[in-house]
Asks: 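One structure, as structure tokens, below. Some questions next.
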Protein chains: 2
Amino acid sequence: MLDNERLSGQDQLIDRFGSYFESIGFQPIAGRIIGLLSVSDREELSFDEIINRLKISKGSASVVLRRLVSECRVAVVESGRRHYYKLNQQNLFELLDEFERMCDSVRYLLNTTIDLKTDKESSNAKYFNQIINTIDRYKTNMATMRQAVQTI
Amino acid sequence: MLDNERLSGQDQLIDRFGSYFESIGFQPIAGRIIGLLSVSDREELSFDEIINRLKISKGSASVVLRRLVSECRVAVVESGRRHYYKLNQQNLFELLDEFERMCDSVRYLLNTTIDLKTDKESSNAKYFNQIINTIDRYKTNMATMRQAVQTI
DNA sequence: TATTTAGTTTAATCGCGATTGAACAAAAAA
DNA sequence: TTTTTTGTTCAATCGCGATTAAACTAAATA
């Protein structure tokens, strides 16, 4: 593969990272920064390199990077008067953790809903109970899988 | 539990449903409609009942309901010149389906990223490979669980 | 000390989805 | 036929997050 093909492929990927992270609630620029730090050949980039390649203002880069660092998604290394940023490699189960939190909140919502029903045998009440059972089964299953992966 | 306690509890729950569905990309009103159809005692409500209890305009109710129906989240029953709406009880694994689609798109993103790396042994490349392996293990596991649940 | 470099802060703007209100259409009722 | 009911359509507005530009600060360099 030619080098310029690779670089333009990277640019496209950066936008895809951006779209993905935007879809899960990140600011567009935050997603593209994560994308850049993921796809670029050198995996530790300076503030300047980031704003130049993504063509964003210093202001937004500053705000977004501070946030990403505070959320532990990006790590910062100070060298001289420059800041270098790199992807923070988080727990492998990060994606799963977030999904399980979502399951917990759904489970709570449905449980409370059933509590407030006059008719606990109503169509929705029965449906919600089935979902709760499925969530419980899922969580048990996941706990087992996590243990298996840990002990490899 | 007193009846008015139950009703105000329902109102709070409706807003929680709203927040939850908003967090996964629905319009605020869409989430509250789903909430209302989930928590209310009668589980089939007319257009009028919906806009009165949620205090929303006819315009937004019309637009949002049409969308919810087209997405198969809500079912509509026509009776006389009135429309009645109820929650559409979807596949139990709906939540999981969506999560697995997300896993697929992450997997694709990471795979493509590795393809474009000059150094396939770079820190990020190795990290991404680990995530891909974890996703694959997860999907295998889920397939097994689904089968188990189907055959109960 | 004066100057340059690197990044921060903040006021202003831009864009866009969500929501409403009011006019409108269709069908039932009178 | 006329009126009422039920819901739809669409232009206008509202609100808000994302982004930028430019002034500003702090630290390194000359």
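Residue numbers begin at 1 in each chain, while the letters A, B, ... track the order of the sequences.
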Asks: B:Ile56 has an atom CD1; how far is it from atom P of C:dT20, in whole Å?
Replies: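 Nearest whole value for this atom pair: 7 Å.
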Asks: Measure the distance from CD1 on B:Ile51 to C1' on D:dT8 and round it to the nearest whole Å.
Replies: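 Value for this atom pair: 12 Å.
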Asks: Base, sugar-phosphate, or nothing for A:Arg81, non-hydrogen atoms under 4.0 angstrom?
Replies: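 It contacts base atoms.
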Asks: In this structure, which one of A:Arg6, A:Arg53, A:Lys55, A:Arg16 forms a salt bridge (Lys or Arg N to Asp or Glu O under 4.0 Å) with A:Asp11?
Replies: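 It is A:Arg53, the one option of A:Arg6, A:Arg53, A:Lys55, A:Arg16 that forms the salt bridge (Lys or Arg N to Asp or Glu O under 4.0 Å) with A:Asp11.
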Asks: Can you label the angle between the B:Phe17 ring and the B:Phe21 ring as parallel, tilted or perpendicular, going by 30° and 60°?
Replies: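 Ring orientation of B:Phe17 relative to B:Phe21: parallel.
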Asks: Taking atom C1' of C:dA6 as reference, at what distance in whole Å does atom CD1 of A:Ile50 sit?
Replies: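 For the pair A:Ile50 CD1 and C:dA6 C1', the rounded distance is 13 Å.
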Asks: Could you work out which one of D:dG7, C:dG21, C:dT8 sits closest to the side chain of B:Arg82?
Replies: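 Nearest to the side-chain atoms of B:Arg82, counting from C-beta on, is D:dG7.
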Asks: Taking CG from A:Asp48 and C1' from C:dT4, how many angstroms apart are they, rounded to a whole number?
Replies: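 Between C1' of C:dT4 and CG of A:Asp48: 14 Å.
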Asks: So which heavy atom on A:Gln90 is nearest to which on A:Cys72, and how close?
Replies: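 So the two residues come closest at NE2-O, 3.4 Å.
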Asks: For the side chain of B:Ser60, counting heavy atoms from C-beta on, which of C:dT19, C:dT9, D:dT20 is nearest?
Replies: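 Output: C:dT19.
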Asks: Ignoring the backbone of A:Val63, work out which of C:dT20, C:dT9, C:dA18 is nearest its side chain.
Replies: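 When the side chain of A:Val63 is considered, C:dT9 is the closest of C:dT20, C:dT9, C:dA18.
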Asks: Ring-plane angle category for A:Phe99 and A:Tyr138, please: parallel below 30°, perpendicular beyond 60°, tilted otherwise.
Replies: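 Perpendicular: the ring planes of A:Phe99 and A:Tyr138 meet at over 60°.
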Asks: How many Å lie between CD on A:Gln27 and P on C:dC16, as a whole number?
Replies: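 These atoms are roughly 17 Å apart.
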Asks: Taking the nucleotide of DNA chain D with the closest heavy atom to each, which residue, B:Tyr85 or A:Gly25, is nearer the 5' end?
Replies: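 Final value for this comparison: B:Tyr85.
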Asks: Evaluate side chain to side chain contact (heavy atoms under 4.5 Å, CB included) for A:Glu49 paired with A:Arg42, printing each intermediate quantity in order.
Replies: CA-CA 11 Å; A:Glu49 289 172 319; A:Arg42 268 188 312 105; 2.4 Å; yes
Asks: Kindly say if B:Arg66 contacts the phosphate of D:dT9, meaning a side-chain N or O under 4.0 Å from OP1 or OP2.
Replies: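 Yes, B:Arg66 has a side-chain N/O under 4.0 Å of OP1/OP2 on D:dT9.
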Asks: Expressed as a whole number of angstroms, how long is the span from B:Leu68:CG to D:dT8:P?
Replies: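 It works out to 13 Å between those atoms.
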Asks: Rounded to the nearest angstrom, tell me the gap between atom NZ in B:Lys58 and atom C1' in D:dA11.
Replies: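 For the pair B:Lys58 NZ and D:dA11 C1', the rounded distance is 17 Å.
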Asks: Please give, in whole Å, the distance from C:dT9 C1' to A:Leu65 CG?
Replies: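 Taking atom C1' of C:dT9 as the reference, CG of A:Leu65 is at 15 Å.
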Asks: When you measure from the side chain of A:Phe47, which nucleotide among C:dT20, D:dT6, C:dT8 comes out closest?
Replies: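 So the side chain of A:Phe47 is nearest to C:dT8.
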